[in-house]
Amino acid sequence: MEIIEHLHHIETRIRQACITAGRDPGSVRLLLATKTVTPENIKIALQAGQSLIGENKVQEIKEKYEALLSTPHEKHFIGHLQTNKIKDILKYGVSCVQSVDRSDLAEKLHQRLLQEQRTMDVLIQVNTSQEESKFGVAPGEAIELVKQVAKLDTLRIKGLMTIGLFSTDTVAVRNCFRLLKKIQQDIIVLQLPNVEMKELSMGMSNDLETAIAEGATIVRVGTAIFGKRQYPDSYYWNESKPVI
Ligand SMILES: *Cc1c(COP(=O)(O)O)cnc(C)c1O
């Protein structure tokens, strides 16, 4: 089965990257980026020993929910979250929102969690590539956002997330990951209450080795496991509609 072979290949790449970086291979977790992937194919990967998926669209989470109920897994949200979809995020079993990038989103998430008497793990998404088209708080505003989110006691900040520059310029890509690590270090020094900075979610199919070398604890991989997607990523990373 192709998916399983691809999965083994990714596991090998992660292990090798850890060894090269002098890191414990157990210190990096693989998140399956499952946008557009059918529940059947997601199940193949989960049954092969994977445990974490990430979705970009609330609609897709809803559509796959029933089919995945009987297969144990953890689910993170890694896409742009509109405040009117917060209710659904809570209803459909998301355990961490990796894409908190503005205070009004954090505030509304908090209000809803208060009503439901629950908590939620979150990562703060930083736009390290500074491209207009990508979501995420500007690097210079990340610490201020972390401070604001830290005041909301239903939200548990676990770390930071970024999408690196899409480029063959490996130096430029590496600089994105370095910047995220630098922001993490700057935040750790502040010792803010209610802020854990353990997780760095960075690195995808094409750049996971670089991300691991720079300290990633979660790599998010889609294409290299499930194959090419039909929609351009811009459909998921900004508000523009795909050209079909
Ligand atoms: C699609 C996606 C990924 C995975 O990208 P691939 O290049 O397919 O591995 C990772 N992170 C986010 C936020 C994504 O939307």
Side-chain angles (χ1 to χ4, degrees), residues 31 33 35 54-61 75-90 94-113 119-166 173 175-188 190 192 194-204 207 211 215-220 222 233-240:
L31 174 146
K35 55 178 178 262
E55 288 283 0
N56 293 64
K57 297 256 177 210
V58 173
Q59 186 58 32
E60 278 194 53
I61 291 180
K75 182 161 50 205
H76 289 187
F77 191 77
I78 61 174
H80 180 63
L81 183 54
Q82 287 160 330
T83 50
N84 63 353
K85 301 280 168 64
I86 285 173
K87 237 193 279 180
D88 287 333
I89 287 286
L90 301 189
V94 169
S95 65
C96 175
V97 177
Q98 293 202 2
S99 46
V100 171
D101 63 354
R102 57 200 195 279
S103 55
D104 83 300
L105 171 63
E107 185 61 47
K108 293 202 169 101
L109 192 51
H110 172 65
Q111 291 307 333
R112 187 73 208 180
L113 286 161
T119 63
M120 175 73 82
D121 289 351
V122 298
L123 304 184
I124 302 299
Q125 182 178 358
V126 183
N127 184 0
T128 54
S129 67
Q130 311 245 33
E131 292 167 289
E132 289 268 328
S133 61
K134 288 196 186 137
F135 290 110
V137 65
E141 291 161 20
I143 293 182
E144 190 49 43
L145 180 58
V146 168
K147 285 180 180 169
Q148 286 173 13
V149 176
K151 291 181 200 152
L152 309 172
D153 61 8
T154 61
L155 301 181
R156 308 264 157 88
I157 303 179
K158 298 293 178 183
L160 306 174
M161 184 271 248
T162 199
I163 299 171
L165 190 68
F166 248 156
V173 174
N175 282 340
C176 292
F177 300 144
R178 279 208 177 143
L179 179 56
L180 199 69
K181 179 84 192 175
K182 165 84 167 65
I183 296 169
Q184 178 202 37
Q185 296 306 312
D186 291 347
I187 293 168
I188 289 172
L190 298 176
L192 302 168
N194 191 30
V195 176
E196 254 185 59
M197 271 291 133
K198 271 213 265 293
E199 307 292 351
L200 284 183
S201 175
M202 58 189 194
M204 318 196 307
D207 54 18
T217 62
I218 300 172
V219 291
R220 310 176 307 266
D233 284 336
S234 57
Y235 175 60
Y236 290 92
W237 293 344
N238 61 43
E239 303 291 61
S240 67

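In what follows, every heavy atom counts, from backbone to side chain, and hydrogens, waters and symmetry copies are set aside. In what follows, residues are counted from 1 in the order of the sequence shown.
The two atoms that bring Ser99 and Gln125 nearest to each other are CB-OE1, 3.3 Å, heavy atoms only. Nearest approach of Leu123 to Leu160, heavy atoms of both residues: CD1-O, 4.0 Å. For Val219 against Met202, the heavy-atom pair with the smallest separation is CG1-O, 3.4 Å. Of all the heavy atoms in Val100 and Leu145, the pair that sits closest is O-CD2, 4.2 Å. A pairwise comparison of heavy atoms in Ile183 and Ala142 identifies CG2-CB, 4.0 Å as the closest pair. When all heavy atoms of Ser95 and His76 are compared, the pair lying nearest together is OG-CD2, 3.5 Å.
Note that CG of Asn175 is 13.0 Å distant from NZ of Lys182, once rounded to the nearest 0.5 Å. With rounding to the nearest 0.5 Å, the separation of CG in Leu105 from NE2 in His80 is 8.0 Å. Between atom CG of residue Asp121 and atom OG1 of residue Thr119 there is a gap of 6.5 Å, rounded to the nearest 0.5 Å. Rounding to the nearest 0.5 Å gives a distance of 10.0 Å between CD of Gln111 and CD1 of Ile86. To the nearest 0.5 Å, the span separating CG on Leu81 from CZ on Phe135 amounts to 10.5 Å. For the atom pair Asp153 CG and Leu113 CG, the distance stands at 10.0 Å (nearest 0.5 Å).
The side-chain heavy atoms of Arg220 and Ser201, taken from C-beta on, include a pair separated by under 4.5 Å. Asp88 places none of its side-chain heavy atoms less than 4.5 Å from the side chain of Gln59. Using a 4.5 Å heavy-atom cutoff, the side chains of Ile61 and Phe77 are in contact. The shortest distance between side-chain heavy atoms of Arg102 and Thr83 falls below 4.5 Å. Contact annotation: the side chain of Met197 approaches that of Ile157 to within less than 4.5 Å [non-hydrogen atoms, C-beta and beyond]. Leu200 places a side-chain heavy atom less than 4.5 Å from the side chain of Gln184. Ile78 places none of its side-chain heavy atoms less than 4.5 Å from the side chain of Glu55. Side chains of Gln98 and Cys96 form a contact here, defined as non-hydrogen atoms less than 4.5 Å apart.
For Asp104 (side chain) and Lys108 (main-chain N/O), no donor-acceptor pair under 3.5 Å exists by modelled atom type. In this structure, Asp101 contributes its side chain and Gly136 its backbone to a donor-acceptor pair below 3.5 Å.
Residue Arg112 qualifies as enclosed at atom CZ: its count of foreign heavy atoms under 6.0 Å is above 12.
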* Asked: Can you list the steps and then say if Val97 with Ile89 is a side chain to side chain contact (heavy atoms under 4.5 Å, CB included)?
  -> CA-CA 9 Å; Val97 177; Ile89 287 286; 4.1 Å; yes
* Please test Glu107 against Leu152 for side chain to side chain contact (heavy atoms under 4.5 Å, CB included), starting from the C-alpha separation and ending with a verdict. => CA-CA 7 Å; Glu107 185 61 47; Leu152 309 172; 3.5 Å; yes
* **Trace of the side chain to side chain contact (heavy atoms under 4.5 Å, CB included) decision for Met120 with Val122** => CA-CA 6 Å; Met120 175 73 82; Val122 298; 4.2 Å; yes
* Using the side chain to side chain contact (heavy atoms under 4.5 Å, CB included) rule, take Lys151 and Lys147 through it: C-alpha gap first, then chi angles, then the decisive distance, then the call. => CA-CA 7 Å; Lys151 291 181 200 152; Lys147 285 180 180 169; 5.6 Å; no
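Of the residues Thr128, Val126, Asn127, Thr162, the one that meets the side chain to side chain contact (heavy atoms under 4.5 Å, CB included) test with Leu179 is Thr128. Between Ile124 and the choices Val149, Ile143, Val195, the side chain to side chain contact (heavy atoms under 4.5 Å, CB included) rule is met once, by Val149.
The pair Glu196-Lys158 counts as a salt bridge, with a side-chain nitrogen and a carboxylate oxygen less than 4.0 angstrom apart.
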